[in-house]
Amino acid sequence: MRTSWADSVANSASENAASGSSGPRPTRATYIPPHLRNRPPSSDFLAPPPAAPSLGNDRVGYGGPAGGSRWGGGGGSASKLDSGRLGYGSGGRGGGGGWNNRIGGLERGREREVNPFDNDGDAEPAFDVQENTGINFDAYEDIPVETSGKNVPPPVNTFAEIDLGEAVNQNIRRCKYVKPTPVQRNAIPILLAGRDLMACAQTGSGKTAAFCFPIIAGIMREQYVQRPHGGRTVYPLALILSPTRELSCQIHDEAKKFAYQTGVKVVVVYGGAPINQQLRELERGVDVLVATPGRLVDLVERARVSLQMIRYLALDEADRMLDMGFEPQIRKIVEQMDMPPCGRRQTMLFSATFPKEIQRLASDFLSNYIFLAVGRVGSSTDLIVQRVEYVHETDKRSHLMDLLHAQRETEVNGKHSLTLVFVETKKGADSLEHWLYVNKFPATSIHGDRSQQEREMALRSFKSGKTPILVATDVAARGLDIPHVAHVVNFDLPNDIDDYVHRIGRTGRAGKTGLATAFFNENNLSLARPLADLMQESNQEVPAWLTRYASRVSFSGGKNRRSVGARFGGRDMRRDGSFNRGTDYYGGGNNSSGGYGVSAGYGGGYNPAVASAWD
DNA sequence: AAAAAAG
């Protein structure tokens with residue numbers, strides 16, 4: 001009876017490193033990507049751009065952003081998706097011939113393209129197929145959606161309504177996506193229309209696909225774009241930035257599925273890993289580059305990557321990317337390197353939280369953008385049961401032990417359920433992991449002082465259930481999609497309520513239920529108020545003692561003072577009276593009260609002139 | 001004050 005947890009999940013660790021096996025290499029004089037075969041040569045999907053007379057220059061073989069239209073090209077080959085955008089690359093040699101010279105993944109990349117649907121998740125076999133068929137859509141009914149900005153394209157209800165191309169459609173089927181999630185329904189038409197976007201939507205609700213599909217479809221219909229070649233510099237067309245290496249990897253994995261057999265090449269670069277391998281990947285061609293900021297800056301400074309052809313810029317976890325630690329670096333990448341300026345690229349910012357201050361910073365990167373807020377599954381955190389317990393610092397470990405034992409009882413069919421334990425410091429993570437280890441708990445840890453190899457191994461081991469307890473710092477707080485996390489424990493509460501929101505969002509994903517337990521004590525007083533508000537807002541039981549703490553510190557006006565509702569979905573700061581750039585977005589009537597909440601602000605009170613979509 | 005991100 002003293003079997004360790006690890007025993008119950010033996011054999012589930014399949015470390016499949018799907019790579020290496022280089023299959024037969026097809027040799028074709030002129031490669032036609034699958035999605036374009038059997039098409040009449042002049043289908044409007046790939047209308048030839050106007051031939052450009054002199055393009056001898058190997059270094060800069062494209063018209064450059066100096067041209068007249070938004071994308072610098074004059075080719076007005078109309079697409080119903082976005083006319084203004086097609087003519088961009090005046091560099092193509094007429095008739096689409098340009099793409100023989102395409103540096104992107106078409107010829108060299110695709111020949112070795114691994115089927116990303118083969119090795120779908122190490123842990124999957126251990127779980128019911130039912131559970132994995134994606135998202136619980138019932139949980140997404142009646143979710144509040146708010147949009148603002150000028151001329152907001154209407155949402156769609158099905159993937160069929162949007163023309164993403166046959167290859168992408170097939171990948172959507174392979175992903176078993178039946179219908180778009182609310183954020184996808186709203187964001188995809190906006191992005192396909194070429195608009196800049198600031199979107200608040202909970203991760204786990206299909207956010208990555210919401211920006212990947214339009215990027216991939218956009219690149220596909222501009223396949224002929226001629227990029228500079230020669231030298232070792234590569235010129236990606238899209239850049240996706242994220243705040244952690246693991247998140248960038250995850251986005252890359254997903255994007256590869258969406259781009260499978262489209263001819264669009266996705267590459268990821270991040271720090272802590274050997275750069276040479278990444279350089280080789282880049283040399284084989286890149287259309288969509290997924291990156292963490294530091295490594296990207298490095299590569300641009302080495303002139304191995306140029307941003308001058310970037311036409312799609314996506315910031316995932318955008319509020320984190322623009323907070324104090326990251327902002328200078330992001331500003332450097334977006335404003336001080338060779339990226340086309342705002343207005344000549346399409347910029348999309350996504351996060352589950354979007355504080356007003358950060359929205360203000362972000363607006364520097366955006367042009368006439370649309371703000372989109374999608375309330376969380378179940379209109380707030382109904383799917384996550386949140387508990388707060390008063391635990392003295394000295395009692396935390398024994399209390400955690402109780403929780404872990406209780407969690408073990410809840411295992412279904414002998415299957416492990418995963419527990420993610422957040423601590424505040426790297427040192428704290430090490431010491432708690434060690435203590436768990438000493439006490440025979442199958443735990444591992446992830447934080448920024450561990451080597452990248454250790455970090456990735458820890459994540460794999462956790463996902464697979466080999467070590468169903470993961471102690472983590474905030475490195476794991478955002479974006480990571482780890483199926484089957486049943487319990488998130490805030491062993492140390494964060495100082496910022498938004499971090500709390502992101503942390504508990506690691507459970508209750510894709511419409512499933514989850515449990516979040518927080519240890520609160522005298523060190524967390526500043527969080528009492530926002531935490532109590534948040535819990536109340538999401539219909540959670542708020543302990544009386546917490547309410548007392550909350551009212552006691554009600555005068556404190558610190559950074560957690562932000563009004564209710566700035567979290568889920570959030571609110572367009574342009575609606576705020578205090579913010580006025582001389583542009584009246586709302587035709588006058590201005591709702592200046594900060595209060596907006598699932599019940600109060602949504603829906604009511606907006607000026608009828610504002611395009612506001614409700615599902 | 002801490003975490004993350006380049007080496």
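Order of the sequence lines sets the chain letters (A, B, ...), proteins ahead of strands, with each chain counted from 1.
Between Ile333(A) atom CD1 and dA5(B) atom C1' the separation is 10 Å, expressed in whole Å. To the nearest angstrom, P of dA2(B) lies 13 Å from CG of Asn523(A). Whole-Å rounding puts the Glu327(A) CD to dA5(B) P distance at 18 Å. In this structure, CZ of Phe422(A) is placed 12 Å from C1' of dA3(B), rounded to the nearest angstrom. Between Glu424(A) atom CD and dA2(B) atom C1' there is a gap of 6 Å when expressed in whole angstrom units. With rounding to whole Å, Lys427(A) atom NZ is found 20 Å from dA4(B) atom C1'. Summarising the geometry, the separation between CG on Asp496(A) and C1' on dA1(B) is reported as 13 Å, rounded to the nearest angstrom. Spacing between atom CG of Asp474(A) and atom P of dA5(B) amounts to 12 Å, rounded to whole angstrom units.
Contact annotation: Thr473(A) reaches the phosphate of dA4(B) (side-chain N/O to OP1 or OP2, under 4.0 Å). Checking the phosphate oxygens (OP1, OP2) of dA5(B), a side-chain nitrogen or oxygen of Arg245(A) falls inside 4.0 Å. Checking the phosphate oxygens (OP1, OP2) of dA6(B), a side-chain nitrogen or oxygen of Thr292(A) falls inside 4.0 Å. Close to dA5(B), at under 4.0 Å from its OP1 or OP2, lies a side-chain N or O of Arg455(A). At the phosphate of dA4(B), OP1 or OP2 sits under 4.0 Å from a side-chain N or O atom of Lys426(A).
Looking at which nucleotide of DNA chain B each of Lys332(A) and Met324(A) is closest to, the 5′-most match is held by Met324(A).
Within a 6.0 Å sphere centred on CD of Glu254(A), other residues, nucleotides and ligands contribute more than 12 heavy atoms.
Arg302(A) comes within 4.0 angstrom of nothing in the nucleic acid, heavy atoms only. Heavy atoms of Gly325(A) sit under 4.0 angstrom from at least one base atom.
At a threshold of 4.0 Å, the pair Glu389(A)-Lys396(A) does not count as salt-bridged, since none of the basic side-chain nitrogens sits closer than that to a carboxylate oxygen.
Between Phe350(A) and Phe211(A), the ring centre distance stays below 6.0 Å.
Using a 3.5 Å distance cut-off with no hydrogens or angles, the side chains of Ser367(A) and Asp196(A) do not pair a donor with an acceptor. With hydrogens and angles left out, the side-chain atoms of Arg460(A) and Thr467(A) include no donor and acceptor closer than 3.5 Å.
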